[in-house]
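Just so we're clear, the structure is a prediction, and the values are computed from it rather than from any experiment. Quick note on labels: first sequence line is chain A, next is B, and so on, each numbered from 1. Both backbone and side-chain heavy atoms feed into the values below; hydrogens, waters and symmetry mates do not.
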Protein chains: 2
Amino acid sequence: MVYDLYYWAEIPGRGEFPRLVLEAAGAPYRDVVRLPEEEGGGMAAMSAFQEGRGPHIPFAPPFLVDGDTVVSQAGVIAAYLGEKLGLAPESEADRQFARSIALTTADAVAEAHDVHHPVGIGLYYEDQKPEARRRAAEFREERMVKFLRWYEKLIEANGSGYLAGRRLTYADLGLFQLVEGLRYAFPKRMRVIEGDYPGVRALVETVRVQEKIAAYLKSDRRLPFNENGIFRHYRELDGE
Amino acid sequence: MVYDLYYWAEIPGRGEFPRLVLEAAGAPYRDVVRLPEEEGGGMAAMSAFQEGRGPHIPFAPPFLVDGDTVVSQAGVIAAYLGEKLGLAPESEADRQFARSIALTTADAVAEAHDVHHPVGIGLYYEDQKPEARRRAAEFREERMVKFLRWYEKLIEANGSGYLAGRRLTYADLGLFQLVEGLRYAFPKRMRVIEGDYPGVRALVETVRVQEKIAAYLKSDRRLPFNENGIFRHYRELDGE
């Protein structure tokens with residue numbers, strides 16, 4: 001069974017959350033938009049799908065097609081894949097809570113995006129720079145700390161080094177990507193605060209050295225962060 | 001089994017999405033923060049829970065406690081309850097897609113919130129009025145239409161009058177609350193555009209007359225929209 005993942009070809013963005021689960025599990029998948037058109041890839045493939053194939057029409061990428069099943073929303077796809085591929089907690093209560101974690105991570109990602117697009121998704125960053133500076137200050141001072149403190153509390157309370165249950169899950173992969181994104185976008189700020197979250201730092205390193213993830217990160221399948229994506233590095237938004 | 005739902009007592013907000021599922025199913029639940037402190041309610045009960053009871057600490061309300069299980073994130077809770085209480089689609093593919101719908105609705109709700117809080121969650125609306133006007137214009141002209149058109153397309157493609165599967169689900173209840181919220185916050189704009197979405201309008205009425213929902217809407221358990229909530233009516237944000 002080959003999974004089809006659909007997302008923009010040029011940015012890691014929200015597509016990276018399900019992609020990391022596929023990679024960590026070593027699951028066969030096609031990164032459809034990044035394939036040549038001759039192989040059924042390209043943007044045309046994504047648009048065609050969103051025009052409607054049966055009743056399951058995703059609102060926006062990323063989305064995943066698994067036979068008859070279509071799943072959209074990064075956190076929902078990550079949970080779906082994690083539960084199928086052995087990258088979810090074992091107990092039912094932990095499984096349910098892991099879903100809550102993944103969707104909270106999706107919220108953190110959305111806030112990191114809104115820092116450079118506070119006024120409008122359809123406008124350029126250049127058209128909302130003063131507003132972005134105001135929003136960035138709050139994000140750096142309050143929101144980043146609030147999210148990181150919460151993950152740290154979960155790791156402490158859980159006691160296994162992971163966010164939920166006793167093994168690596170898609171929730172941990174999501175935290176890895178969030179922290180890497182924050183380090184890219186707000187390097188100065190992260191250097192100041194991340195020492196306060198030793199559990200988070202340790203878990204990020206646990207993810208990085210997981211055998212399949214380590215290989216993936218060295219491959220050209222891993223897309224670098226850039227200024228068309230969700231996590232963008234603009235020095236003026238990273239504080240004084 | 002009595003469910004405990006935790007959310008702010010004064011606004012429908014994101015708590016209304018799980019609450020509607022509980023009400024539509026006639027499930028026994030305690031709306032904890034709205035209970036008197038003598039009965040274990042009030043804000044203190046919510047704070048105590050967030051301070052940590054075991055490893056499942058919700059990031060923010062709403063959250064639901066069901067025995068050992070703690071679930072947070074409005075769309076995740078709605079899915080959890082809908083699947084337990086017979087308000088989810090029957091086929092596995094429809095069930096998965098319904099989760100995607102609920103989380104897309106959560107995104108629409110977040111955008112409706114950000115219209116009046118584009119620059120900062122910690123600031124008052126009064127401190128970001130010019131930015132809110134800019135953001136509101138895009139939301140009214142583009143985002144509202146994009147979301148409503150998508151729901152309409154799903155209803156058409158599905159053919160049963162519902163968003164997913166052949167019966168009323170938590171996804172439909174979420175759409176009901178979103179549309180009611182948009183009508184409250186942007187009445188002028190909604191009067192102009194909602195005629196373009198006859199399937200959405202019909203489904204909203206289907207939800208409204210469902211026996212248990214109809215009774216609930218008349219009860220004092222249903223909280224009115226207000227200007228401390230997610231959906232706020234500010235005339236200046238509803239267009240010329």
What part of [X] lies closer than 4.5 angstrom to a heavy atom of chain A: side chain, backbone, both or neither?
| X | answer |
| --- | --- |
| B:I121 | both |
| B:E131 | both |
| B:I77 | neither |
| B:D114 | side chain |
| B:E111 | side chain |
| B:R95 | neither |
| B:D107 | side chain |

Flag the one option from [options] with the top tally of heavy-atom pairs under 4.5 Å to chain B.
| options | value |
| --- | --- |
| A:D68, A:D94, A:D66, A:I155 | A:D94 |
| A:S100, A:P55, A:A157, A:A132 | A:S100 |
| A:E92, A:R143, A:E142 | A:R143 |

Checklist line | Member of B:V71, B:L64, B:V70 meeting the side chain to side chain contact (heavy atoms under 4.5 Å, CB included) criterion with A:Q96 | finding: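 Answer to the side chain to side chain contact (heavy atoms under 4.5 Å, CB included) test with A:Q96 among B:V71, B:L64, B:V70: B:V71.
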Margin query: Does atom CZ (A:R134) have a neighbourhood of more than 12 heavy atoms from anything else shown, all under 6.0 Å?
Written below: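 Yes.
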Notebook entry, point to check: So does A:R167 have more than 12 non-hydrogen atoms from other groups sitting under 6.0 Å from CZ?
Noted result: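 Enclosed.
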Spacing of [atom1] belonging to [X] relative to [atom2] belonging to [Y], to within rounding of 0.5 Å:
| X | Y | atom1 | atom2 | result |
| --- | --- | --- | --- | --- |
| B:K153 | A:Q50 | NZ | CD | 7.5 Å |
| B:I57 | A:F97 | CD1 | CZ | 7.0 Å |
| A:H56 | B:N158 | NE2 | CG | 7.0 Å |

Check: Which class fits the ring pair B:F147 and A:F59: parallel under 30°, tilted 30 to 60°, perpendicular over 60°?
Finding: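 Ring orientation of B:F147 relative to A:F59: parallel.
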Pick whichever of [options] has the most heavy-atom pairs under 4.5 Å with chain A.
| options | result |
| --- | --- |
| B:G120, B:A136, B:A164 | B:G120 |
| B:Q128, B:E156, B:R135 | B:R135 |
| B:T104, B:T69, B:V76 | B:T104 |

